[in-house]
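Okay, structure first, notes after.
Heavy-atom basis, side chains included; hydrogens, waters and symmetry copies ignored.
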Amino acid sequence: MTKMSRTEEKLAELNQPKPWSGVNAYRLDPLLMDLTNGLPHGLRDDFDAIGRYVTSPEVQDLARMANEGVPKLRTHGPRGERLDVVEFHPAWHALMRRSMANGLHSSLWDSQADPVAKGKAHKVRATRFYLTAQAESGHLCPLTMTSASVAALMASPAVQKEWAPKILSRKYDSANKPAMQKTAVTIGMGMTEKQGGTDVRANRATAERVGEGIYRLSGHKWFMSAPMSDAFVMLAKTREGIGCFLVPRLLEDGSGNGLQFQRLKDKVGNRSNASSEVEFTDTFGFLLGEPDAGVRTILDMVTLTRLDCALASAGIMRASLAEAVHHTRGRSVFGKMLVSQPIMTRVLADMALDVAAATALAFRLSDAFDRARDSAEDAAYARVMTPVTKYWCCKIAPALIYEAMECIGGSGYIEERPIARHYREAPVNAIWEGSGNVMALDVLRVLSRGRDLFETVFAGIARDIGPSGRKTVEVLRAAMALCERDEGAGRLLIEQLALAAAAAELYRLGAGRIADAFLETRLAAGWRSTYGMLDSRFDAGHIVDLLYPPAG
């Protein structure tokens with residue numbers, strides 16, 4: 001038996017376990033180990049290193065400091081000159097440096113940097129992203145946008161050729177100088193305007209053509225995240241319609257490109273990352289695609305960011321519940337360990353089912369992205385299930401993380417614990433890149449144009465879910481028929497589809513009793529609004545120990 005340190009002895013006297021850190025988030029996640037089992041050994045060694053990194057005390061401190069030392073906007077210098085720079089805590093730069101070295105911003109597009117990931121680029125990146133989210137999610141925002149931006153840049157080969165080498169570089173460079181003078185760049189987004197919000201066609205920003213592929217933009221953006229990015233993918237009205245543009249932050253001579261930051265948003269969470277409100281005049285941008293195809297061009301980028309929203313939500317749910325399980329294993333209540341109290345065991349097991357399902361669903365979507373080009377089934381899955389997966393994984397995160405916080409009790413409701421950061425972070429993924437209603441409308445849009453895509457997805461669900469497949473698909477078809485008559489029923493379809501697809505994926509992965517418990521409690525039982533409703537037929541203790549093995 002390992003001898004306890006004096007600190008651990010004091011914690012034991014206080015009936016408090018040591019903090020959830022210094023463990024391996026990859027090795028202690030059996031489901032993730034199964035999901036990555038077929039990948040080359042070298043990649044799994046990489047995941048192992050990230051798993052140790054994200055829970056290390058040093059990185060947990062970096063995460064805390066990056067969120068406490070929030071970004072600061074400097075609009076002007078001492079002579080009254082415009083600066084428009086945002087200063088970040090050194091901890092932010094440390095997190096960015098490591099994550100860019102891991103290729104979270106570039107690996108999808110750089111086969112030479114990750115040759116062993118051939119054909120599995122989305123899944124490999126998803127694993128790294130999911131693990132890194134468990135340390136700190138705010139800095140992942142610019143990395144998500146940078147990675148996804150390449151999909152939009154592809155609409156303009158000349159722009160892509162110039163910018164891609166800087167995007168693919170893994171040498172983080174925070175210097176405030178022109179993009180082409182840096183070792184690496186990051187890319188942000190500017191879509192949202194206060195009068196339009198989700199309705200980007202209501203945007204009023206304008207773009208006037210001044211040369212071949214070059215436009216001058218003017219307008220206002222209500223939300224432009226990561227304002228120290230080196231360029232931004234933005235929408236603006238042209239004479240032909242809505243266009244999509246890559247807008248550098250600085251011009252080639254180092255002067256500003258007319259982007260004047262009005263303020264930084266004081267957000268509920270995502271505090272390590274700056275989000276700005278910006279006005280711009282005589283701002284130059286490069287056209288991406290056709291001048292009237294901006295929405296279609298940027299949607300390729302948005303699709304990729306939605307996968308990241310799901311992965312980040314699954315990651316922070318996993319980290320939060322792991323912290324709660326660890327706490328209940330180290331705290332004695334009413335004569336036995338808290339984790340062994342029957343009602344607590346069922347709450348933890350119930351939550352563990354949702355985290356497992358969300359993780360399986362997000363990784364299934366990453367697999368579909370990898371195989372969509374060669375498989376009609378996966379192409380259909382990617383189109384139908386992207387909004388479904390984003391909806392459900394992000395939607396359940398705030399409630400689940402709160403419940404995990406309650407399992408810890410009063411000491412869980414303090415800012416010193418990582419779970420507080422995860423809780424404040426949770427809502428942003430549900431709101432970013434399309435709220436719940438927007439995801440439901442996207443599903444209905446696909447339904448109106450391609451019912452056959454749903455039938456392809458249903459066939460896969462029926463195959464993987466087993467004996468209950470036929471009945472499950474009948475329920476889905478009934479929900480689909482209802483939505484064809486009543487748009488307001490969109491959430492019924494999207495939630496039923498998420499639950500069915502998650503259950504099917506758990507069965508396909510061979511999760512056995514985990515899949516049985518999820519299926520019966522989510523699809524066969526009545527409506528419920530809180531956790532802890534597991535029937536005694538399911539071995540709650542086995543579920544917790546299987547999905548959250550003790551650290552030792």
Side-chain angles (χ1 to χ4, degrees), residues 82-85 109 142 145-169 173 175-182 184-193 196 200-261 276-302:
R82 290 292 309 199
L83 293 180
D84 294 293
V85 297
W109 316 102
M145 293 187 293
T146 302
S147 177
S149 71
V150 180
L153 266 59
M154 285 179 174
S156 177
V159 177
Q160 181 192 358
K161 182 179 180 181
E162 182 178 14
W163 284 78
K166 298 294 183 180
I167 292 173
L168 296 185
S169 171
D173 187 346
N176 184 35
K177 57 186 181 183
M180 294 304 125
Q181 297 177 24
K182 298 179 66 171
V185 300
T186 57
I187 310 295
M189 289 178 76
M191 293 173 61
T192 306
E193 296 184 6
V200 295
R201 294 190 183 279
N203 284 3
R204 296 176 184 171
T206 60
E208 177 187 357
R209 186 178 182 274
V210 295
E212 186 63 35
I214 301 175
Y215 284 67
R216 183 165 51 220
L217 284 71
S218 298
H220 180 98
K221 295 296 178 182
W222 181 244
F223 246 101
M224 193 164 76
S225 198
M228 285 305 286
S229 297
D230 298 286
F232 306 92
V233 178
M234 297 173 64
L235 296 177
K237 285 185 177 180
T238 67
R239 290 183 179 182
E240 295 83 358
I242 297 285
C244 182
F245 303 89
L246 181 70
V247 179
R249 186 170 57 83
L250 298 177
L251 298 175
E252 292 180 4
D253 64 0
S255 61
N257 189 19
L259 297 167
Q260 296 191 347
F261 301 132
S276 65
E277 188 174 342
V278 64
E279 291 183 0
F280 46 99
T281 305
D282 293 334
T283 298
F284 292 95
F286 303 106
L287 179 67
L288 303 177
E290 298 300 319
D292 61 347
V295 175
R296 185 169 68 247
T297 299
I298 210 167
L299 278 179
D300 291 335
M301 181 178 179
V302 167

How close do Q181 and K177 get, counting heavy atoms only, and between which atoms? O-CE, 3.4 Å
Do M234 and T283 have side chains that get closer than 4.5 Å, going by heavy atoms? no
Closest non-hydrogen contact found for F261 with P227 is CZ-O, 3.3 Å
Test I298 against V233 for side chain to side chain contact (heavy atoms under 4.5 Å, CB included), laying out the working first. CA-CA 8 Å; I298 210 167; V233 178; 3.8 Å; yes
Taking atom NZ of K166 and atom CG of D230, what is their separation to the nearest 0.5 Å? 10.0 Å
So how far is it from S276 OG to M228 CE, rounded to the nearest 0.5 Å? 11.0 Å
So CG of L287 and OG1 of T297: to nearest 0.5 Å the spacing works out to 8.0 Å
Applying side chain to side chain contact (heavy atoms under 4.5 Å, CB included), can you list everything that pairs with R201, at least two apart in sequence or on another chain? D199, V295
Show which side-chain atoms of residues 242-253 pair as donor or acceptor with protein atoms under 3.5 Å away, not counting sequence neighbours.
from, atom 1, to, atom 2, distance (Å)
R249, NE, S229, O, 2.9
R249, NH1, N176, OD1, 2.9
R249, NH2, N176, OD1, 3.1
D253, OD1, S255, N, 2.9
D253, OD1, S255, OG, 2.6
D253, OD2, S255, OG, 3.4

If we only count heavy atoms from C-beta on, is the V278 to F232 side-chain gap below 4.5 Å? no
Could you tell me whether a side-chain N or O of N203 sits under 3.5 Å from a main-chain N or O of M191, the two making a donor and an acceptor? yes
At what distance, to the nearest 0.5 angstrom, does CD1 of I214 lie from CZ of F284? 8.5 Å
If you round to the nearest 0.5 Å, how far is CG of D84 from CG of N257? 11.0 Å
State the CD1-OG distance between I167 and S147, to the nearest 0.5 angstrom. 9.5 Å
Please output the side-chain donor-acceptor pairs of residues 149-164 that fall under 3.5 Å, not counting sequence neighbours, one pair per line with the distance.
from, atom 1, to, atom 2, distance (Å)
S149, OG, T146, O, 2.7

In short, salt bridge (charged side-chain N to carboxylate O under 4.0 Å, His left out) pairs touching residues 202-216 with sequence neighbours left out are E208-R216, R209-E212, R216-D282
Hits for salt bridge (Lys or Arg N to Asp or Glu O under 4.0 Å) against E193, two or more places apart or cross-chain, chain-then-number order -> K221
If the condition is side chain to side chain contact (heavy atoms under 4.5 Å, CB included), which residues does D292 pass it with, not counting sequence neighbours? E240, E290
